[in-house]
Amino acid sequence: MTPETPEPGRPIPYGRQSLSPEDIEAVVKVLQSDWLTTGPSVERFESAVASFSGASHGVAVCNGTAALHMAMEAIGIGEGDEVIVPPITFVASANSVVFQRGRPIFADVEDGTLLLDPACVEKAITPRTKAILAVDYAGQPCDYAALRSLADRHDLRLVADACHALGAEYRGRKVGTLADITLFSFHPVKHITTGEGGMALTDDPALARRMKRFRAHGISTDHRQRTESGTFTYEMESLGYNYRITDFQCALGESQLSRLPAWLDRRRVIAHRYDEAFAARPGSPARLRPLAVSPAVSHAYHLYVARLYLQRLRIDRAGVHAALRRRGIGANVHYFPVHLQPYYRKTFGTHEGQCPVAEAAYPEMLSLPLYHGMRDSDVERVVAAVEDILAEHAS
Ligand SMILES: *Cc1c(COP(=O)(O)O)cnc(C)c1O
């Protein structure tokens with residue numbers, strides 16, 4: 001029961017979850033059990049994601065944004081601390097720094113990959129810098145060798161927003177082992193879903209303890225531990241939030257995780273088909289170019305992002321997007337550069353010209369539909385629609 005775009009001819013979204021009867025059964029089983037929240041499923045899901053990714057500890061929370069916030073608290077970000085972030089990401093990455101009263105410092109991205117450029121990161125480091133928040137945009141891991149060496153030289157923490165990159169690898173190492181803390185989201189458009197959900201992975205037991213406390217009001221024991229040990233007292237050691245995830249959501253996540261390797265394979269097959277379809281041919285120049293992929297990575301392809309060669313077209317990105325929509329193809333744009341969002345301009349005085357590579361990329365970027373349940377016929381519909389529209393408006 002995974003066929004996804006419901007009927008031929010129906011709109012193809014840019015991303016979509018897959019649920020199996022086993023997933024639904026796993027959720028129902030937990031609904032019939034004693035623990036709806038903070039029970040055995042949460043721990044099982046944490047261990048499953050940690051062991052899949054090669055990390056020692058997992059801390060599951062109610063969404064990826066909460067996981068980011070929890071990571072910023074765990075590494076001690078506070079008033080006025082600077083954290084270096086890329087502008088090409090979802091707003092939640094930078095917002096997590098602000099939640100802790102820190103200051104996001106936007107460092108530009110590399111033109112080919114749109115990943116954080118280590119040279120720009122180095123230039124952005126000041127005596128107030130506490131951490132680098134790398135974003136594995138589209139599902140491609142950043143240059144962690146370069147980022148780690150900068151972090152070590154300047155005594156900074158390295159955190160990975162890997163909400164796009166569950167299952168990706170860098171130089172043969174899984175995402176989850178490349179930073180001090182790695183964050184995932186289980187929103188329905190991501191690789192696996194819990195409805196809403198997120199997780200932090202770390203190898204550091206002290207960071208894991210601190211994150212577990214932050215997830216539950218700053219209290220170091222949970223209701224289940226107190227029930228099992230027969231005590232009623234608890235101590236609140238620091239200020240925390242209620243960022244818990246339910247047991248039935250974690251049952252869904254664990255069930256989904258078992259299909260992740262096959263889903264990653266399918267996403268890679270679709271991405272390679274797009275690469276091949278849009279490559280230049282003799283007598284016909286390419287009218288868009290996919291993002292560059294480093295030979296050092298195994299890409300998880302949360303998104304398939306390509307950049308339009310606007311000078312070869314008589315139409316802009318909004319025009320291409322609208323033409324695709326008319327044909328039932330749900331293209332999307334990821335992302336408007338965060339430093340140009342009104343909130344950041346107003347609050348931190350960020351402005352145009354600060355990240356020229358990201359700003360030049362933005363008008364050209366288009367995310368094509370990519371999800372593991374896409375049928376070959378869906379993929380071919382997207383290819384044909386893109387080719388037709390670009391040929392029709394070629395200059
Ligand atoms: C999805 C996403 C988030 C936030 O995750 P939620 O679970 O929606 O809160 C953060 N960063 C990036 C890069 C994301 O794609």
Side-chain angles (χ1 to χ4, degrees), residues 13-17 45-46 49 58-73 83-100 104 106-107 109 113-116 131-142 158-168 175-176 178-179 181-201 211 214-215 241-246 249-250 252-253 256-257 267 291 299-305 332-339 341 343-344 358 361-362 365 367 370-371:
Y14 90 88
R16 193 183 199 282
Q17 75 279 9
F45 184 44
E46 288 171 340
V49 175
V59 182
V61 287
C62 53
N63 58 61
T65 305
L68 278 157
H69 183 190
M70 182 170 76
M72 289 299 119
E73 198 276 342
V83 179
I84 297 172
V85 299
I88 300 290
T89 185
F90 184 50
V91 290
S93 315
N95 293 353
S96 71
V97 179
V98 186
F99 295 159
Q100 286 298 109
F106 295 94
V109 292
T113 59
L114 301 185
L115 296 174
L116 203 48
I132 302 166
L133 176 53
V135 177
D136 297 339
Y137 174 66
Q140 173 164 216
C142 294
L158 179 56
V159 176
D161 178 342
C163 289
H164 294 184
L166 180 62
V175 163
L178 301 161
I181 303 178
T182 303
L183 295 328
F184 297 116
S185 162
F186 307 121
H187 181 279
V189 298
K190 306 289 163 70
H191 288 83
I192 64 169
T193 191
T194 56
E196 296 277 359
M199 196 179 293
L201 297 184
M211 291 193 286
F214 187 70
R215 156 178 83 177
Y241 288 69
N242 178 355
Y243 276 169
R244 292 186 302 253
I245 185 170
T246 65
Q249 288 176 289
C250 289
L252 177 56
Q256 292 249 306
L257 186 65
R267 284 174 176 274
L291 295 188
H299 200 307
Y301 285 109
H302 164 57
L303 299 174
Y304 187 89
V305 178
N332 211 328
V333 175
H334 302 90
Y335 296 92
F336 181 72
V338 179
H339 68 291
Q341 290 286 0
Y343 170 81
Y344 280 97
Y362 174 69
M365 292 159 59
S367 305
L370 176 60
Y371 48 96

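Only a predicted model underlies this, so the values are computations on that prediction, with no experimental measurement involved. This chain uses plain numbering: 1 for the first residue, then up along the sequence. Read the numbers this way: they start at 1 and go in the same order the structure lists the ligands and their atoms.
- Using a 4.0 Å cut-off to heavy atoms of L68, the atoms of ligand 1 that qualify are 10 (C).
- The shortest N or O to N or O distance between H187 and ligand 1 is not under 3.5 Å.
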If you apply the rule side-chain contact (heavy atoms from CB on, under 4.5 Å), what do you find for I132 with L158, and how did you get there?
CA-CA 5 Å; I132 302 166; L158 179 56; 4.0 Å; yes

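- Where the criterion is an N or O separation shorter than 3.5 Å, residue side chain and backbone included, G64 meets it with respect to ligand 1.
- Pairing each heavy atom of V91 with each of Y344, the nearest pair is O-OH, 4.5 Å.
- Considering only non-hydrogen atoms, atom 1 (C) of ligand 1 lies nearest to K190 out of K190, H302, M199.
- Listed by number with element, the atoms of ligand 1 under 4.0 angstrom from any heavy atom of G197 are 7 (O).
- The salt bridge (charged side-chain N to carboxylate O under 4.0 Å, His left out) check on E73 picks up R210, with sequence neighbours excluded.
- For the pair S185 and ligand 1, the shortest N or O to N or O distance falls below 3.5 Å.
- Near T89, meaning under 4.0 Å from one of its heavy atoms, ligand 1 places the atoms 13 (C).
- The aromatic rings of H69 and Y243 stand perpendicular to each other, their planes meeting at an angle above 60°, with 30° marking the opposite boundary.
- Ring planes of Y335 and H164: parallel class, angle under 30° (limits at 30 and 60°).
- Taking each of T193, D161, T65 in turn, the one with a heavy atom nearest to atom 4 (C) of ligand 1 proves to be T65.
- Shortest non-hydrogen contact noted between V175 and P141 is CG2-CG, 3.7 Å.
- Residue-level proximity to ligand 1 for Y335 is carried by the side chain, the only part with a heavy atom below 4.0 angstrom.
- Counting the atoms of ligand 1 from 1 in the order shown, those under 4.0 Å from a heavy atom of N63 are 7 (O), 9 (O).
- Polar contact with ligand 1: present for H164 (N/O pair, distance under 3.5 Å).
- Shown here for R267 and L370, the closest heavy-atom pair between the two residues is NH1-O, 3.5 Å.
- A centroid separation of 6.0 Å or more is found between the aromatic rings of F99 and Y241.
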